[in-house]
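I have placed the structure first, in the form of structure tokens, so that the comments after it can refer back to it.
Proteins get letters first, then strands, A, B, ... in listed order; numbering begins at 1 in each.
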There are 2 protein chains.
Amino acid sequence: MLRGDITVAIRNAVMSELAEVGYGRLSIEAVARRAGVGKTAIYRRWSNKLEMVMEIISDVAERKVPLPDTGSFAGDLELLLLIVKTALQHRMASQIIPDLMAEAARNPQIAETLQRALRTHQQAVGEKLIGQAVTRGELPEGTDPDVAVDMILGPLYWRLAVARQPIEDDYLEKFTVAVTAALRATG
Amino acid sequence: MLRGDITVAIRNAVMSELAEVGYGRLSIEAVARRAGVGKTAIYRRWSNKLEMVMEIISDVAERKVPLPDTGSFAGDLELLLLIVKTALQHRMASQIIPDLMAEAARNPQIAETLQRALRTHQQAVGEKLIGQAVTRGELPEGTDPDVAVDMILGPLYWRLAVARQPIEDDYLEKFTVAVTAALRATG
DNA sequence: AAACGGCGGAACGCAACCGTTACGTCGTAG
DNA sequence: CTACGACGTAACGGTTGCGTTCCGCCGTTT
């Protein structure tokens with residue numbers, strides 16, 4: 001019964017508002033204004049701000065990222081880094097993700113939603129990437145995917161989302177070499 | 001003329017409010033309530049919320065962290081990781097820092113203040129740590145302090161402030177080994 | 001042709017907060 | 001002892017947002 005195009009407009013408006021003012025200052029009225037719909041259309045779909053944002057975010061967060069097998073660990077790693085780099089450089093992601101992360105520190109429901117999405121991705125990516133490399137003999141047997149993910153995503157997230165410094169052309173390349181060495185050492 | 005004890009009460013209240021509700025939802029009235037002072041006492045000191053928070057945050061952020069020379073890169077690194085770990089596990093830091101980082105993505109003035117504090121620390125720590133190690137011959141000549149800082153702080157920040165997973169006993173130790181290997185490889 | 005239901009718009013009462021002002025208290029400096 | 005000034009309290013008018021309700025419009029279903 002609910003009109004689909006209206007729902008889409010609201011979802012887009014929520015994402016934009018999240019990016020612009022953050023969860024803390026996001027208001028239903030502003031979302032309605034931006035989406036060009038009445039408040040009633042929103043309250044017909046969700047009962048409050050938290051529920052609305054959670055439903056929309058979960059939906060976006062659960063889209064799977066396919067990680068193809070390039071045939072070598074260095075190739076896989078560089079591809080992964082490139083994907084993450086591109087994602088983190090999108091305005092939406094670079095504003096919304098840190099904002100929700102911060103909000104998660106005080107709202108358990110947000111925390112749980114994000115953790116689930118994050119951990120699912122981490123595990124999937126980590127286990128596939130490391131598993132493939134171990135199978136190929138490029139990494140030692142006991143390599144911990146958990147630690148590996150920290151070593152891979154941490155620096156990139158730090159640089160792009162925290163320090164907000166640009167990434168030069170050869171950075172990913174050097175970084176790939178460094179991470180490979182690091183993981184070989186921990187095995 | 002302004003009473004010092006009142007100023008201190010306000011500063012503490014601001015930090016607590018920042019941790020609890022974040023910058024976006026921080027209100028002058030709530031700060032006054034929490035500090036047990038009148039709004040007038042606040043407006044007598046700062047002219048608005050941004051100015052107040054910036055002044056207080058800058059003050060906290062600029063406290064230097066002394067990094068002693070333990071004699072070896074492994075020792076220096078493990079000590080640094082321990083300091084950062086402890087800092088990031090404090091409730092105040094783990095809530096306020098990500099929150100302000102997120103806010104920085106939309107407020108240039110906050111961004112500038114944080115970047116200055118962050119970059120100053122990064123440079124100081126990075127250059128000292130890496131410089132010492134290079135001098136001792138533990139790291140190759142051309143090691144980039146900038147990249148090194150990413151490799152060191154990134155994973156820790158990721159794990160503690162983003163993924164919010166616990167750090168086990170031997171994590172820092174394994175991590176030290178991994179980072180050392182990584183930095184030797186990039187030289 | 002009629003009934004249904006989602007739609008936008010407008011307004012509701014309520015609450016919070018803004019930044020400012022007026023007032024009376026109290027400690028201190030002169 | 002007096003004057004000053006920082007203090008808390010209280011109130012101001014104005015803004016914003018909440019969640020709800022009622023209205024009239026209009027496309028779809030029957």
Side-chain angles (χ1 to χ4, degrees), chain A residues 1-57 59 95-96 99-100 102-103 106-110 113, chain B residues 1-57 59 95-96 99-100 102-103 106-110 113:
Chain A
M1 337 182 159
L2 299 169
R3 268 172 56 186
D5 56 335
I6 302 271
T7 305
V8 169
I10 297 175
R11 297 179 104 89
N12 291 339
V14 167
M15 296 300 283
S16 299
E17 283 292 313
L18 270 184
E20 251 177 52
V21 304
Y23 179 83
R25 276 210 264 249
L26 180 139
S27 77
I28 303 274
E29 307 226 346
V31 171
R33 236 177 287 137
R34 175 165 226 140
V37 307
K39 277 200 295 178
T40 43
I42 295 180
Y43 280 107
R44 215 168 279 127
R45 289 166 171 78
W46 303 279
S47 63
N48 52 53
K49 167 173 147 181
L50 177 61
E51 191 185 305
M52 174 181 72
V53 173
M54 285 298 87
E55 203 257 22
I56 293 174
I57 289 297
D59 198 65
Q95 304 220 1
I96 293 180
D99 181 83
L100 289 179
E103 200 59 33
R106 51 186 91 91
N107 187 321
Q109 197 168 341
I110 294 183
T113 302
Chain B
M1 331 183 160
L2 299 170
R3 270 172 54 187
D5 56 335
I6 301 271
T7 306
V8 169
I10 297 174
R11 297 179 105 88
N12 291 338
V14 167
M15 294 301 282
S16 299
E17 284 292 312
L18 269 184
E20 249 176 51
V21 305
Y23 179 85
R25 278 208 265 248
L26 180 138
S27 78
I28 303 274
E29 308 225 346
V31 170
R33 236 177 288 135
R34 173 166 227 140
V37 307
K39 278 200 294 179
T40 44
I42 295 180
Y43 281 108
R44 215 169 279 126
R45 288 167 173 78
W46 303 280
S47 63
N48 51 53
K49 167 173 145 182
L50 178 61
E51 193 185 303
M52 175 180 71
V53 172
M54 285 299 86
E55 203 257 23
I56 292 174
I57 289 297
D59 198 65
Q95 304 220 1
I96 293 180
D99 181 84
L100 289 179
E103 200 60 33
R106 48 186 94 91
N107 186 320
Q109 197 168 339
I110 293 184
T113 302

> If you take all heavy atoms of Lys49(A) and Tyr23(A), which pair is closest and at what distance?
Replying inline: NZ-O, 2.9 Å
>> Please identify which of these residues, Val53(A), Leu50(A), Ile57(A), meets the side chain to side chain contact (heavy atoms under 4.5 Å, CB included) condition with Ile110(A).
In response: Leu50(A)
Restricting both atoms to N or O, compile the protein contacts to nucleotides 15-18 of chain D shorter than 3.5 Å, with distance only.
{"from": "dG17(D)", "atom 1": "OP2", "to": "Arg33(A)", "atom 2": "NH2", "distance (Å)": "3.0"}
{"from": "dC18(D)", "atom 1": "OP1", "to": "Ile28(A)", "atom 2": "N", "distance (Å)": "2.8"}
{"from": "dC18(D)", "atom 1": "OP2", "to": "Ile28(A)", "atom 2": "N", "distance (Å)": "3.1"}
{"from": "dC18(D)", "atom 1": "OP2", "to": "Glu29(A)", "atom 2": "N", "distance (Å)": "3.0"}

>> Set out, in order, the CA-CA distance, both residues' side-chain angles and the distance that settles salt bridge (charged side-chain N to carboxylate O under 4.0 Å, His left out) for Glu17(A) and Arg34(A), then state yes or no.
In response: CA-CA 8 Å; Glu17(A) 283 292 313; Arg34(A) 175 165 226 140; 2.6 Å; yes
Short N/O separations, protein against nucleotides 4-7 of chain D, under 3.5 angstrom:
{"from": "dC7(D)", "atom 1": "OP1", "to": "Arg3(B)", "atom 2": "N", "distance (Å)": "3.3"}
{"from": "dC7(D)", "atom 1": "OP1", "to": "Arg45(B)", "atom 2": "NH2", "distance (Å)": "2.7"}
{"from": "dC7(D)", "atom 1": "OP2", "to": "Arg44(B)", "atom 2": "NH1", "distance (Å)": "2.9"}
{"from": "dC7(D)", "atom 1": "OP2", "to": "Arg45(B)", "atom 2": "NH1", "distance (Å)": "3.2"}

> Closest approach of Gln95(A) and Ala19(A), non-hydrogen atoms and distance?
Replying inline: OE1-O, 2.5 Å
>> Restricting to side chain to side chain contact (heavy atoms under 4.5 Å, CB included), what partner residues turn up for Thr40(A), sequence neighbours left out?
In response: Arg44(A)
> What closest approach, in Å, do Thr113(B) and Met54(B) show between heavy atoms, and which atom pair accounts for it?
Replying inline: OG1-SD, 3.4 Å
> Should the pair Arg45(B)-Glu51(B) be classified as a salt bridge under the 4.0 Å nitrogen-to-oxygen rule?
Replying inline: no
> Taking 4.0 angstrom as the limit, do Lys39(B) and Glu29(B) come out as a salt bridge?
Replying inline: yes
>> Nearest whole Å is fine: how far is dG8(D) C1' from Ile42(B) CD1?
In response: 12 Å
